[in-house]
There are 2 protein chains.
Amino acid sequence: MQEKEISQAVIRRMPRYYRYLGELLDDGVERISSNDLSRTMRVTASQIRQDLNNFGGFGQQGYGYNVKYLHDEIGKILGLNQRHNIIVIGAGNLGQAITNYVKFEQLGFVIIGLFDINPALEGKTVRGIRIHMMDDLPEFCARNQVDIAALTLPKEKADASAHYLVELGIHAIWNFAHVDLDLIDQDVVVENVHLSDSLMQLSYNIVKNRFEKEHS
Amino acid sequence: MQEKEISQAVIRRMPRYYRYLGELLDDGVERISSNDLSRTMRVTASQIRQDLNNFGGFGQQGYGYNVKYLHDEIGKILGLNQRHNIIVIGAGNLGQAITNYVKFEQLGFVIIGLFDINPALEGKTVRGIRIHMMDDLPEFCARNQVDIAALTLPKEKADASAHYLVELGIHAIWNFAHVDLDLIDQDVVVENVHLSDSLMQLSYNIVKNRFEKEHS
DNA sequence: GTCAATGTGTCAAAAATTTAACAACCTCGT
DNA sequence: ACGAGGTTGTTAAATTTTTGACACATTGAC
């Protein structure tokens, strides 16, 4: 499938292509050129062609790209042609919010259970999905195929939980706790969503923007 | 304050430095060298020094960096020395989850109101913070200083809301809707949190990881 | 069927980012 | 007060990423 290493910079852009192509598809657009796409996406056409060519030649000279075909192919590249079962560790507000986000399911990401240590939550459900106690985790993982664990718990507990999950055979973690999990050398893929980092970036740009306005 | 343009690559790393320095501070560490920090953060010492030097010389030869001082300075760079009032547009699960996330307040980001169009939510509160109807937005913005609007609503409504917010004088948007807001040329700073993009990246890396295991 | 227009894949150049190297300087033990 | 050891700020090299350019394939009008 993959041959040479593809830079994460490219990978970061792929979901965005997928999104735009999905919209074109919904709009009934059949074909598109890198040039037209570059205008709507506000990136260079060269970058689009370069990015796509990392994975193969999906276009045709003189024609462009077939929207449906390209959309499907990028979907395959991103693994969206297969189902991913998710468990959510930490059934607090964020965990529940994610569980309620139906859109993920359309992409093949299906939440099959939530876990928490708070006994008050035991047996309750979110969108029909049950909240279990952490003690039940080993059995649950043995009985169900769990592809991804979403970590939505306080940072103090995140690292220990992550190690525990890896022990139970989980190979992918979607980490919302604002720590960097110390899982080097472990056979596990981690994707971080650091909301406070994001806010701080925004804050930096706010201050910068104000400054530039004052001095121009 | 800022002189030459600093690349967003650097800015993306600053919150992470801030986080690690905060932890060192909590641990009572007084000073640290770029070398020691590089080991814990798993980046090169050279990058740390280079990054920090974009903003000035915070260290001292033969000594290293004073943790508290550096933490404070990075905080200032990121604008964490001032308060940022946030309104949340869309009081659904995600909006409420964010509102409940107390940690932001410690960083100076204070949520002062939620807005929705669902009449059933009118007057309810989340962590003591009131949910208003969208109709009240103009008056609310006139009476309160609103620095950031967090957009936690369906993508169909995101773009129109964003334009409306800009009209009302808001200059910063924290966008959770998975569309790219079309706000070029507007005097507004946008920070995106595209959760599904993040999930797709994770998915890509899962597939890649599996593939590499099978072929090694 | 021909040909201008279109548009990809790819190679090369340019720009940006990261890493390495080191001179200058500070610390701290003696 | 001195000097060995340590550490920054900074310059230069290496690497990565992005952009530009164009040969060549395909389309679609006539």
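It should be emphasised that the depicted structure is a prediction, and the values quoted were computed from it without experimental measurement. Hydrogens, waters and symmetry mates are skipped; everything else that's a heavy atom, side chains included, is used.
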Could you label the plane-to-plane angle of the A:Y18 and A:H71 rings as parallel, tilted or perpendicular, counting under 30° as parallel and over 60° as perpendicular?
parallel

Under 4.0 Å: is that the gap between some side-chain N or O of A:R31 and OP1 or OP2 of D:dT26?
no

Under 4.0 Å from OP1 or OP2 of C:dT19: is there any side-chain N or O of B:T44 that close?
yes

Is A:S34 close enough to C:dT8 that one of its side-chain N or O atoms is under 4.0 Å from OP1 or OP2 there?
yes

Side-chain N or O of B:R49 versus OP1/OP2 of D:dT8: is the shortest distance under 4.0 Å?
yes

Let me know the distance between CD1 of B:I32 and C1' of D:dT8, rounded to the nearest Å.
14 Å

Any idea how B:F109 and B:H84 line up, ring-wise: parallel (<30°), tilted (30 to 60°), or perpendicular (>60°)?
parallel

What about A:S33, does its side chain sit under 3.5 Å from the base of C:dG7 through a donor-acceptor pair?
no

Just the rounded figure in Å: distance from C1' of C:dT8 to CG of A:L52.
11 Å

For B:Y63, is the NZ or CZ atom of B:R31 found under 6.0 angstrom from the centre of its six-membered ring and inside 45 degrees of the ring axis?
yes

Does A:R13 place a side-chain N or O at less than 4.0 Å from the phosphate oxygens OP1/OP2 of D:dT18?
yes

Using whole Å, what does the distance between atom P of nucleotide D:dT7 and atom CG of B:N66 come to?
15 Å

Check the distance between C:dT8's C1' and A:N35's CG and give it to me in whole angstrom.
11 Å

I want to check one thing: is the phosphate of C:dT17, taken as OP1 and OP2, less than 4.0 Å away from some side-chain N or O of B:S7?
yes

Rounded distance (Å) that lies between atom P of D:dT16 and atom CD1 of A:I6:
15 Å

I want to verify a distance call: between D:dT18, C:dT18, C:dA21, whose nearest atom is closest to the B:Q47 side chain?
C:dT18

Check: A:Y20 ring centre within less than 6.0 Å of A:Y17 ring centre
no

Main-chain N/O of B:V193 paired to B:H178 side chain as donor or acceptor, under 3.5 Å
no

Side-chain N or O of B:Y65 closer than 4.0 Å to phosphate OP1/OP2 of D:dG6:
no

Can you check the A:I48 CD1 to C:dG9 C1' distance for me, whole Å?
14 Å

How sharply is the helix from C:dG1-D:dC30 to C:dT30-D:dA1 bent, taking the axes over five pairs at either end and rounding to 10 degrees?
20°

Between P of C:dT8 and CG of A:N54, the distance in whole Å
16 Å

Test salt bridge (Lys or Arg N to Asp or Glu O under 4.0 Å) on A:K213 and B:D187 and set out the steps.
CA-CA 9 Å; A:K213 252 186 292 187; B:D187 176 25; 2.8 Å; yes

Checking C:dG9, D:dT27, C:dT27 against the side chain of B:Y63 (C-beta onward), the nearest is C:dT27

For atom CZ of B:F55 and atom P of D:dG9, their distance in whole Å
14 Å

With a 6.0 Å cut-off on the ring centroids, do B:W174 and B:F104 count as close?
yes

Going by atom types alone, do B:T99 and B:R127 pair a side-chain donor with an acceptor below 3.5 Å?
no

I'd like to know if A:Q61 reaches the base of D:dT26 with its side chain, counting only an N/O donor and acceptor under 3.5 Å.
no

Could you tell me whether the phosphate oxygens of D:dG9, OP1 or OP2, come under 4.0 Å of any side-chain nitrogen or oxygen in B:N53?
yes

Is the shortest side-chain N/O distance from A:Q60 to OP1 or OP2 of C:dG7 below 4.0 Å?
no

Taking donor-acceptor contacts at under 3.5 Å, does the side chain of A:Q50 reach the base of D:dT19?
yes

